[in-house]
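No hydrogens, no waters, no symmetry mates; every other heavy atom, side chains included, goes into these values.
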Amino acid sequence: MESTYDPSRLEASWYKKWETRGYFKPSGKGQEAYCIAIPPPNVTGSLHMGHGFNNAIMDALIRYHRMQGKDTLWQAGTDHAGIATQMVVERQLLAQGQSRGELGREAFTEKVWEWKAESGSKITSQLRRLGSSIDWSRERFTMDPGFSAAVEEVFIRLYEEGLIYRGSRLVNWDCKLLTAISDLEVINEEEAGSFWYFRYRLCNDAQTKDGLNYITIATTRPETLLGDTAVAVNPEDERFLHLVGQEVELPLCDRRIPIIADSYVDPEFGTGCVKITPAHDFNDYEVGLRHQLPQINILTRTGRINDNAPEAYRGLDRFDCRKQLVRDMENAGLLERVEPHRLKVPRGDRSGVVIEPFLTEQWYVATKSLAEPAINAVKNNDIEFVPKNWENTYFAWMRDIQDWCISRQLWWGHRIPAWYDQEGNIYVGRSEEEIRTKHQLNSDTPLSRDEDVLDTWFSSALWTFGTLGWPEQTSELDRFHPTDVLVTGFDIIFFWVARMIMMTLKFTGRIPFRKVYIHGLIRDSEGQKMSKSKGNVLDPIDLIDGIDLETLVKKRTSGMMQPQLAQRIEKTTRKEFPDGISSYGTDALRYTFYSLASNGRDINFDLGRIEGYRNFCNKIWNASRYVFMNTSDITPNKSISEVDYASVDRWIKIRFQQTLGKVNTHMKTFRFDLVSQAIYDFFWNDYCDWYLELTKPILWNEQTTPAQRNATCYTLLDVLEQSLRLAHPFLPFITEEIWQQAKKLLGLSGDTIMLQPYPLEVEMAPDETALVEIHWLQQIIEGIRNIRGELNISPGKPVNVLLKNSDNLDAKLLEAHRFTLCKLCKLESISLLNSNNQAPPAAMQLCGQMEVLVPLDGLIDVESERGRLQKDMTRKQQEIDKLTKQLSNTHFVERAPAEVVAKERDRLEDLNVSMAMLEEQFQRLNLLK
RNA sequence: GGGUGAAUAGCUCAGCUGGUAGAGCGUCGCCCUUACAAGGCGAAUGUCGGGGGUUCAAGUCCCUCUUCACCCACCA
């Protein structure tokens, strides 16, 4: 083994071997199957921390269950991500001075396919860097012919059942992307805006109660005035009731519109009069339907004013029109006042532009009947969310679910399988031919296909069963569906999780997955969301490989949407990473993810943590080197003729089993933080700090018998090898590398640790003596170390130790471990102090009732030792006071369980004894001065 | 407006069914002891957000308030 741990060297080679040897494929063996379908990343995307986290978790689950002997499949694939991908390609075209319109549909989608071919492997190769043991041979793409056929099938069946329909209504319209989007794709954020108070003159000499010949309405979107078809007041509102049925003159438009009464109006808000624009506001739309108001659309698809408006405004951009209209109102003396107002502005999640409610014809999924079984599946625990409380979020949304607008006016995606004849009749089917045959339409009847494509999430909703071959009834579907768990962030519970549950239940009659593990989002060390514009993005690959400062700065400041931010980003980056980021390796990165993965809350990613886990890898590396150096001469198989296990050998095996138990327990509840901590604690504290140190006096002692040596060597190797398997799902690379060595020494067969069985929990005969013995040893060693450390006795200086107030067991244990104690604590001697003999002046540490004495011998300053004792006594006294008080409380003694009371009594007694001994020692030291 | 989660050591976070407050990083000593200075050994550090309540006993259960984060809905 190389003397230093170098992750880049070993990580590079292993993944390729694993993949080419087919280790990631399902074994085809095992009673049970285990399957996870990857949340398909955008095919043209690149890996971010969220992917890193998400995939690290899935890989741990997959490797763990694979090692448990299950027939394990991690189903891979990528998503065509309609809008996102189309935007990227459009931006590229724009840079070349082209637009998609010029290119035309066919040429454009051709370009997207080219781009997909070019960049599509980027994210998958990055997933490989993470060590993800994905079965790449089964990789799917949402626009593969097979998957597309499934999408079409689902659309057609839903249409035939009347669950997909085409309708004309208000949708969220993105004026930049020129497409409808679903409610979920609209982000409502509060922004600073204004309230404009406009006067609408009353017709026919009507007057308000105050004798005014106008009413005032307030609006945040003045330009919509052009589409007003009524003014509404609350039917209970005494102020305006007499005006209902009257008309007002719509300013600047030369139109009259009625005053109507509708309970939608809140008399307390604004002026109590509301302008109604049915074609450009969701609430007004409903009001309009109730009162049969005309719907006047005043916008073009690009957000300009259309010909339904007065000539003066036609062709103006909606925001220019707003300014113009306010000016005109002011000039007409109809602007009463303007107030600053904070309001929620709807913006497209992709484009960032203000979304307009817009009247169009779109395709919808009627969701109500699909939602019901989906709610029940979670309610009756067929599907379980982890953590459980996300179920409430899910229920809340599902119970109030709206019909889903699934058509998008894009070119990249699954084209809707619908055709129209010249009368506008709709024909849905798999192809034009099929439709012609089915509906007996001869070639004289021209048919044109619907231009739109489906929402990306429509196809994603079929992911678990579509990737396994549906609608064919494949053996994979049989074996691996329902999948076991879906691992994802809470941000796509509605987008994806809910819709998968609905669609999968509908089309397979079964749930898509048994559990949904919802994890938190990765944020930066200060809890900020990582984003390009904030310049705080960390690339997982950079954490693995390292990156120098200049490259990092360049990466963070190039290709920015807002170049003016670059300077500040450069400054903060230089400050935060003055030396760039060093290379930590995949294993360290993964372990960091696990350690931070507690109970689904968001994660602030701290570089200090990853460094700590890189050090952990280093620790494993070096401990293994020690083991191999000291065991290379043992017989390379278990047929060690004679073995005589030391208590510490038995102890470490018990500790290993306890750790394994914890790991298995916590894996069941997805507590990767507790899993990683259990392994870390065991390996570093128990195996390295104690066990390895305690084997040294055994291995380096001439008195050790061959049987003892064999036993310890074997245990060193055996526990190491088991620990590697224990840790492999979390640290795949380093464990594989080291296991290859361990395997040789232990004479094991098997080509890879990946396919070895996970360590087995074994029923162990209770071995209290080993635990007691090692605890005894640890206490004495720690006592002596404490004296050395606190009293500044140089570690190299040999000391003599006396044990006072010892019993028979102490005597026995001392004989057994004298050599060990001398070696580990650099002792010249250690012996029992006969009760008849006077103890010399000494520093003292209590181990239970036994005193560990280090004679002063001119080494130790009396004053320091008194201080040390004093500190201990103060602490003990506080405890004693607390316990005394508690035990003198009759309520406690009477009502607390007897064993609790007894325990506290024992503790108090022990403390009192210790205290007396400390006091006595303190007095003795006093006599010296 | 409705909902969810959070508030514990300087920092990032654990703390299960109530019974002596923990880890990592950082800090302070002492050590290059033949696996590891990416290390070893020792040490310090907390009115568990505030206030009530239940209980013999509350970081843990209940109520309330404050602050923060997020989600959903939305008043023009």
Side-chain angles (χ1 to χ4, degrees), chain A residues 1 3-5 183 188 195 217-221 224 232 264-266 268-277 281-284 287 341 343-344 387 389-390 392-393 396-397 400 490-491 493-494 520-521 523 525 527 582 584 588 595-596 598-609 611-630 665 669 671 673-674 677 680-681 688-689 692-693 696 700 781-782 785-796 823-824 826 871 879 882-883 886 889-897 899-901 903-904 907:
Chain A
M1 261 173 93
S3 64
T4 49
Y5 166 61
D183 299 345
N188 290 293
F195 235 158
I217 57 93
T219 179
T220 55
R221 294 193 297 151
T224 60
Y264 152 71
V265 179
D266 175 3
E268 306 294 317
F269 190 83
T271 62
C273 304
V274 184
K275 61 194 268 316
I276 300 296
T277 323
D281 182 282
F282 289 102
N283 288 308
D284 293 4
V287 174
H341 180 67
L343 74 161
K344 288 278 172 75
N389 54 288
W390 287 110
N392 293 328
T393 308
W397 190 71
D400 192 33
F490 59 82
D491 50 333
I493 290 178
F494 306 144
L521 263 38
R523 300 166 172 279
S525 60
S582 54
Y584 297 107
S595 72
L596 293 170
S598 70
N599 256 340
R601 54 192 254 177
D602 283 0
I603 288 164
N604 300 345
F605 196 89
D606 182 18
L607 267 190
R609 290 295 282 255
E611 193 173 337
Y613 294 115
R614 192 265 322 261
N615 296 353
F616 180 50
C617 292
N618 189 48
K619 192 75 181 173
I620 297 174
W621 186 262
N622 282 301
S624 305
R625 285 180 56 227
Y626 166 85
V627 173
F628 297 149
M629 281 165 144
N630 285 285
T665 302
T669 52
R671 287 301 302 268
D673 58 330
L674 301 179
Q677 196 176 16
Y680 184 98
D681 285 347
C688 291
D689 288 349
L692 288 196
E693 292 308 318
K696 287 173 185 176
W700 299 349
I781 291 170
E782 279 170 350
R785 281 175 182 169
N786 183 283
I787 290 173
R788 278 201 124 107
E790 291 273 282
L791 301 176
N792 258 328
I793 303 172
S794 131
K823 272 275 184 253
L824 255 61
K826 272 263 161 56
K871 203 169 68 185
E879 276 293 296
K882 207 171 117 189
L883 277 176
Q886 190 176 15
N889 180 348
T890 50
H891 290 302
F892 171 69
V893 180
E894 281 164 16
R895 295 185 205 179
E899 63 268 23
V900 173
V901 178
K903 207 175 108 196
E904 301 292 42
R907 264 184 66 215

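Across the protein-nucleic acid pair, Asp400(A) atom CG and rA73(B) atom P stand 8 Å apart, rounded to whole Å. Put simply, CG on Asn889(A) is 14 Å from P on rU55(B), counting in whole angstrom units. A straight line from CG of Asp491(A) to P of rC72(B) spans 10 Å, rounded to a whole angstrom. Rounded to whole angstrom, the span from the CG atom of Leu824(A) across to the C1' atom of rC41(B) amounts to 11 Å. As rounded to whole Å, 8 Å separates atom C1' of rA76(B) from atom NE2 of His341(A).
Nucleic acid contact class of Asn792(A) (heavy atoms, under 4.0 Å, all strands): sugar-phosphate only. No contact: Phe616(A) has no heavy atom under 4.0 Å from any strand. Cys273(A) comes within contact range of no nucleotide atom at all, as no heavy-atom separation falls under 4.0 Å. Residue contacts for Ile493(A): at a heavy-atom cut-off of 4.0 Å it reaches no nucleic acid atom on any strand shown. At the heavy-atom level, Asp689(A) lies under 4.0 Å from the strands shown only through sugar-phosphate atoms. Thr220(A) comes within 4.0 angstrom of sugar-phosphate atoms only, judged by non-hydrogen atoms across all strands, and of no base. If you check every strand for non-hydrogen atoms under 4.0 Å, Lys696(A) touches a base.
Side chain of Lys619(A), nearest nucleotide from rC56(B), rC36(B), rA43(B): rC36(B). Distance from the side chain of Asn604(A) is smallest for rU12(B) among the nucleotides rG40(B), rU12(B), rC72(B). Nearest nucleotide to the Phe269(A) side chain, out of rG29(B), rA38(B), rA76(B): rA76(B). Counting only heavy atoms from C-beta on, Glu693(A) has its side chain closest to rA35(B) among rA35(B), rA76(B), rA43(B). Of the candidates rA38(B), rA35(B), rA43(B), rA38(B) carries the atom nearest the Tyr5(A) side chain, counting heavy atoms from C-beta on.
A distance-only check finds no donor-acceptor pair linking the side chain of Asn786(A) to the backbone of Glu782(A) [under 3.5 Å]. No side-chain donor-acceptor contact under 3.5 Å links Asp602(A) to the backbone of Gly520(A).
Taking a pair to require two hydrogen-bonding distances under 3.5 Å in either a Watson-Crick or a G-U wobble arrangement, rG5(B) pairs with rC68(B). In a base pair of the Watson-Crick type (N1 to N3 plus N6-O4 or O6-N4) or a G-U wobble (N1-O2 and O6-N3), with each distance short of 3.5 Å, rC16(B) is matched with no nucleotide. When Watson-Crick and G-U wobble pairs are counted only if both distances are under 3.5 Å, rG26(B) pairs with no nucleotide at all.
Contact annotation: Arg625(A) side-chain N/O to rG39(B) OP1/OP2 distance is not under 4.0 Å. The side chain of Asn618(A) contributes no N or O atom lying less than 4.0 Å from OP1 or OP2 of rG39(B). A sub-4.0 Å separation between OP1 or OP2 of rA73(B) and a side-chain N or O of Lys344(A) is absent. Applying the 4.0 Å criterion to OP1 and OP2 of rA14(B), one finds that Ser598(A) has a side-chain N or O inside that range.
Among Phe490(A), Phe494(A), Trp397(A), the one residue that satisfies the ring-ring contact (aromatic ring centres under 6.0 Å, His included) test with Trp390(A) is Phe490(A).
rG26(B) sits 13 Å from rA44(B) when the C1' atoms are compared, rounded to a whole Å.
A cation-pi arrangement is absent between Lys619(A) and Tyr680(A), since the terminal nitrogen or guanidinium carbon is not both under 6.0 Å from the aromatic centre and inside a 45° cone about the axis.
Ranked by how close their nearest RNA chain B nucleotide is to the 5' end, Asn188(A) and Thr393(A) are led by Thr393(A). Each of Ser595(A) and Gly272(A) lies near RNA chain B, and the nucleotide nearest Ser595(A) is the one positioned closer to the 5' end.
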What's touching nucleotides 59-62 of chain B from the protein side, N or O pairs under 3.5 Å?
none

(message) At under 4.0 Å between heavy atoms, how does the protein contact nucleotides 19-25 of chain B? Give one character per nucleotide, 5' to 3', with B, S or -.
(response) BB--SS-
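Contact detail for Gly272(A) and Val265(A): the closest heavy-atom pair is O-CG1, 3.4 Å. When every heavy atom of Ala623(A) is checked against every heavy atom of Leu692(A), the shortest pair comes out as CB-CD1, 3.8 Å.
By the 4.5 Å heavy-atom criterion applied to side chains, Val900(A) and Phe892(A) are counted as neighbours. No side-chain heavy atom of Phe195(A) sits less than 4.5 Å from a side-chain heavy atom of Thr219(A). Residues Arg625(A) and Tyr5(A) form no side-chain contact, since every pair of their non-hydrogen atoms from C-beta on lies 4.5 Å or further apart.
The local environment of NZ in Lys823(A) is sparse, with at most 12 non-hydrogen atoms from other residues, nucleotides or ligands closer than 6.0 Å.
Residues Tyr584(A) and Tyr613(A) keep their aromatic ring centres 6.0 Å or farther apart.
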